[in-house]
Visitor: 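This structure is in structure tokens; I'll ask about it shortly.
By convention in this document, chain letters (A, B, ...) are assigned in the order of the sequence lines, proteins followed by strands, and residues within each chain are numbered from 1.
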Amino acid sequence: MLCEGVSMEYQFHWNIVFNKMPQLLNGAFVTLHVSVLAMLIGIAIAVLLAIGKMSDSKAISFIPTVWVEIARNTPALFQIYMAYFGLGAFGIHLSPYVAVLSALIFVNAGYLTETFRGGFQAIPKTQYSASKSLGMSSVQVYRYIILPQMFRRIYHPLTNQFVWSILMSSLGILVGMNELSGETQRLQSLSFRTLEFFIVAAIMYYVITKFVLLSTSLVSKRIFKGDI
Amino acid sequence: MIQIQDVHKSFGDLEVLKGVDLDVDKGEVVSIIGGSGSGKSTLLYCINAIEDIQQGRIVVDEIDVHAKATNQNKLRQKLGMVFQQWNSFPHLTVLENTSLAPQIVLKKSKKEAIELAKYELNHVGLGDKFDVYPTRMSGGQQQRLAIARALAMRPDYMLFDEVTSALDPELVGEVLDTLRMLRDDGMTMICVTHEIGFAREVSDKVAFFHQGIIEEMGPPEHVISNPQKETTQKFLSKVLH
Amino acid sequence: MGISFFTPLSWNDSGFILTGVLNTIYISVLAIVVGTILGLIVGFLRAEANRFVNSLMGSVLDILRSVPLIIQLILFSTYIGAMGHPLNPFVSGSIVLSLYTMAFMGEVFRGGFESVQKPMIVTARSLGMSYWQALRYIRLPIGLRAVFPSWLGVALSVIKDSALVSVIGYMELLRTSEQLISRTQQPLEILIGVGIFYFIISYPLSLYGKYMERKMAI
Ligand SMILES: Nc1ncnc2c1ncn2[C@@H]1O[C@H](COP(=O)(O)OP(=O)(O)OP(=O)(O)O)[C@@H](O)[C@H]1O
Ligand SMILES: [Mg+2]
């Protein structure tokens, strides 16, 4: 499927790839699209799971715990297969996009739950009492003291998780999704320029992740003045 | 005998030692006092060949410390050094901390090295701590361990760089007692210290450092009790009050 | 009732599954061992190198961490094939997975070497130890201890990432189950079995990692 045209001297042909640039860029867009969505929904779920996990009730903290441990201790590929093939047993048939999205959400939520919990617990309890002693209400304490500090601590793990999502969405190739890798796979199979297409895809991934890391670090310099 | 002759030392453009002369005879205890950044630590580092020098000479028992031909690892065996931070090796027990260097550097047998280590640990009062990990001990105990660790190399000279500065006040005494004991054993020592009272009590000679040179030097009765230079008087009045 | 083309899962398949399990373990362990050794060298060189060499090495290794593993696997095996020296999936897979592991291990070990502060090394040298003795007896053991939990984290992710080697045709666990699924049409049972396998390897080790981390934090 992947190794065609075995010849001692491989001739690179780049024109075909450049002609398909619009499709590749579209694939890159889908990659970003699915990763951003998986982050946003993952964050929302992780907040709930983290609150649940910090609950004193065993019954409530059980579900987040199971979620977190499954997400962290099984391969992403397994999770995508579960979403795409496994759910079929319940009569649920997801499109490749939704299957990859759900798997990424599942993993993001699992990892970020621990990030949020750690970020919250790292803030000394004395911050709370000190703020209270200044006459702030509980809401104010969270709004002005706890959450800003927590955000600083989780910012870096969040960007890492985002990069991870971008890289892992490449597994869409295995279920025929049209993100960057899947699109590359489809295009190369039409032209047999496997090497050229995947080299360009690799460069595009590199550029995307560098771009994300660079812009998030610029943003962090802007919004985080002072320590940490 | 340690001979320091016209030593100049710079870090980049910053000249830290500007011509230092100092002789330390066998059995002598020399204290170095002076303000922060005056180059006291740097001088000890140069004696121990941790730092190189730009001009002048340091000779330890006829060996030119910074000569190309000198085996500096071998030279350092003569010179024990203890730092402000004790830097215990956290992955080794107290006994292992002390017996490691004799084994791998002096090539002593394990049994011999352990004997030696036990002797020195007993000497500094850590006889009941052999199998403890140093991170579980107080700063004063760890600093005494650092001294025993250096002594186990059977050095001819000991260099101490503000060994009590990082200690809680109540732990300073036990470390100073250890130094007094070494002096009584006849060890040759150079002590950089902020403990002026201690310097006056134990030293044969006190050197006052100021901006990279020895401003005033002599017996403690002179330099500390009756300083001649204005800079010395200023410094002493600051630290004594 | 017509004749089914699909035959359900049976005990006869256990040998096939076991091959997949063993192959997964085999390639993961290999990549972890090779990646750890290479990562140790890379991490050491980076910790010792001057800023220019360091950032040069950093940006090369960074490529391995910024391109999806699946793309690296496809590129490598296609490239080798196109150059006329095709390798079998196991060899290609091990090479790519090991280099990928190296890139992450390199960062882990660099952190370890850098966590041993200069004064600690100066102290060792002041006792007469040579550069290499200080490395062997002081820096290495202290640095390795400090990064053990991170090392374990990378190793666990390599076990999980090894599933991707199936893409270039290596018969590891996920690929054997894929084939079973297409024969038996019982995706759920088989996938759950696969999930449990990964879980029982990964979960206890991750607990151990957390335990060590907590122990070292004290
Ligand atoms: N490795 C180095 N690189 C550059 N400058 C250095 C270095 N080590 C020391 N210095 C500088 O050399 C000067 C003398 O430092 P040194 O540590 O010898 O002072 P000191 O007399 O021991 O002071 P303190 O009482 O604070 O320990 C200081 O200005 C210091 O900043
Ligand atoms: Mg100093």
Side-chain angles (χ1 to χ4, degrees), chain A residues 1-12 31 69-70 72-90 114 163-164 166-174 180-181 184-185 188 193-199 201-210 212-213, chain C residues 24 59 62-86 92 153 156-157 159-164 166-169 173-174 177-178 181-182 185-192 194-207 210:
Chain A
M1 154 180 103
L2 295 166
C3 311
E4 295 90 6
V6 176
S7 70
M8 289 308 281
E9 273 160 49
Y10 189 86
Q11 296 288 323
F12 281 95
T31 289
E69 296 306 339
I70 292 178
R72 290 164 65 108
N73 292 299
T74 55
L77 184 53
F78 158 78
Q79 286 139 2
I80 289 175
Y81 277 12
M82 266 316 257
Y84 192 68
F85 302 111
L87 292 181
F90 302 107
E114 288 302 77
V163 169
W164 183 91
I166 291 170
L167 296 181
M168 274 307 149
S169 67
S170 66
L171 298 186
I173 194 178
L174 299 174
L180 182 51
S181 298
T184 307
Q185 166 73 352
Q188 67 86 21
R193 306 313 303 178
T194 312
L195 212 45
E196 289 89 334
F197 270 106
F198 277 104
I199 288 173
I203 294 172
M204 289 174 77
Y205 275 109
Y206 182 80
V207 171
I208 293 173
T209 53
K210 281 287 110 92
V212 167
L213 286 175
Chain C
T24 287
S59 32
D62 202 33
I63 296 174
L64 293 173
R65 291 182 291 130
S66 309
V67 174
L69 178 59
I70 200 164
I71 304 276
Q72 296 182 34
L73 285 162
I74 294 172
L75 260 182
F76 183 77
S77 64
T78 314
Y79 178 77
I80 293 290
M83 293 303 126
H85 317 282
S92 302
L156 285 177
S157 72
I159 296 176
K160 289 180 279 172
D161 290 339
S162 74
L164 296 186
S166 61
V167 178
I168 55 168
L173 178 58
L174 213 64
S177 22
E178 229 174 281
I181 289 173
S182 56
Q185 293 296 305
Q186 294 172 291
L188 191 63
E189 293 89 330
I190 293 173
L191 283 176
I192 287 180
V194 170
I196 290 176
F197 164 78
Y198 279 105
F199 193 83
I200 55 179
I201 289 195
S202 179
Y203 183 60
L205 288 174
S206 78
L207 283 186
K210 270 188 219 163

Visitor: With chain C as the partner, which of S181(A), A202(A), G88(A) has the greatest number of non-hydrogen pairs under 4.5 Å?
Guide: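 Option with the greatest count: A202(A).
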Visitor: I'd like to know if the side chain of K160(C) reaches the main chain of R72(A), judged simply by a donor and an acceptor atom lying under 3.5 Å from each other, with no hydrogens or angles considered.
Guide: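 Looks like yes, one N/O pair under 3.5 Å.
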Visitor: Less than 4.5 Å apart, side chain to side chain, heavy atoms only: is that true for M82(A) and I192(C)?
Guide: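 SC-SC contact between M82(A) and I192(C) confirmed.
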Visitor: So for Q186(C), is it side chain, backbone, both, or neither that comes closer than 4.5 Å to the heavy atoms of chain A?
Guide: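 Q186(C) has no heavy atom closer than 4.5 Å to chain A.
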Visitor: What heavy-atom pair brings L167(A) and V67(C) nearest, and what distance separates the two atoms?
Guide: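 Minimum heavy-atom contact is CD2-C, 4.2 Å.
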Visitor: Where is the tightest heavy-atom contact between L195(A) and A82(C), given as atom of each residue plus distance?
Guide: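 Scanning both residues completely, I find the closest heavy atoms to be CD2-CB, 4.1 Å.
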Visitor: Check whether I173(A) gets within reach of chain C through its side chain, its backbone, both or neither, counting any heavy atom under 4.5 Å.
Guide: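 Only the side chain of I173(A) comes within 4.5 Å of chain C.
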Visitor: Side chain, backbone, both or neither: which part of M204(A) has an atom under 4.5 Å from a heavy atom of chain C?
Guide: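 Answer is neither: M204(A) stays 4.5 Å or more from chain C.
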Visitor: When rounded to the nearest 0.5 angstrom, what distance separates OG1 in T78(C) from CZ in F197(A)?
Guide: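 Atom-to-atom, T78(C):OG1 and F197(A):CZ are 13.0 Å apart.
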Visitor: I need the minimum non-hydrogen distance between L77(A) and A163(C), along with the two atoms involved.
Guide: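 Heavy-atom minimum between the residues: CD2-O, 3.7 Å.
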Visitor: If we only count heavy atoms from C-beta on, is the I70(C) to L174(A) side-chain gap below 4.5 Å?
Guide: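 Yes, close enough: below the 4.5 Å cut-off.
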Visitor: Can you confirm whether D62(C) sits close enough to Y206(A) that some side-chain heavy atom of one is under 4.5 Å from a side-chain heavy atom of the other?
Guide: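 Touching, per the 4.5 Å side-chain cut-off.
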Visitor: Taking C-beta and beyond as the side chain, do T184(A) and I74(C) meet within less than 4.5 Å on heavy atoms?
Guide: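 Not touching, per the 4.5 Å side-chain cut-off.
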Visitor: Can you tell me which portion of S166(C) sits under 4.5 Å from chain A's heavy atoms? Options are side chain, backbone, both or neither.
Guide: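 For S166(C), the contact with chain A is made by the side chain alone.
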Visitor: Test N73(A) against Y198(C) for side-chain contact (heavy atoms from CB on, under 4.5 Å), laying out the working first.
Guide: CA-CA 7 Å; N73(A) 292 299; Y198(C) 279 105; over 6 Å; no
Visitor: Report which part of F90(A) has an atom under 4.5 Å of a heavy atom belonging to chain C: side chain, backbone, both, or neither.
Guide: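 The answer is the side chain of F90(A).
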Visitor: Among L69(C), L164(C), L205(C), D161(C), which has the most heavy-atom pairs under 4.5 Å with chain A?
Guide: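 Counting heavy-atom pairs under 4.5 Å, the top option is L164(C).
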Visitor: Can you see which heavy atom on P68(C) is nearest to which on S170(A), and at what distance?
Guide: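 Nearest heavy atoms, P68(C) then S170(A): CB-OG, 3.2 Å.
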Visitor: Do you know the tightest heavy-atom contact between G195(C) and T74(A)?
Guide: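 In this case the closest contact between G195(C) and T74(A) is O-CG2, 3.7 Å.
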Visitor: Is there a side-chain contact between S66(C) and K210(A) (heavy atoms, below 4.5 Å)?
Guide: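 Yes, side chains in contact.
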Visitor: If you count heavy-atom pairs under 4.5 Å with chain A, which of L156(C), I63(C), V194(C) comes out on top?
Guide: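 So the answer, after comparing L156(C), I63(C), V194(C), is I63(C).
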Visitor: Grab the two heavy atoms, one from Y81(A) and one from L191(C), that are nearest each other, plus how far apart they are.
Guide: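 Of all heavy-atom pairs spanning Y81(A) and L191(C), the closest is O-CD1, 3.5 Å.
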Visitor: Within the 4.5 Å heavy-atom criterion, are I71(C) and Y205(A) side-chain neighbours or not?
Guide: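 Yes; the side chains approach each other to less than 4.5 Å.
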Visitor: Looking at side-chain heavy atoms only, is the closest gap between F199(C) and E69(A) below 4.5 Å?
Guide: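 The answer is yes, as the side chains (C-beta and beyond) meet within the 4.5 Å cut-off.
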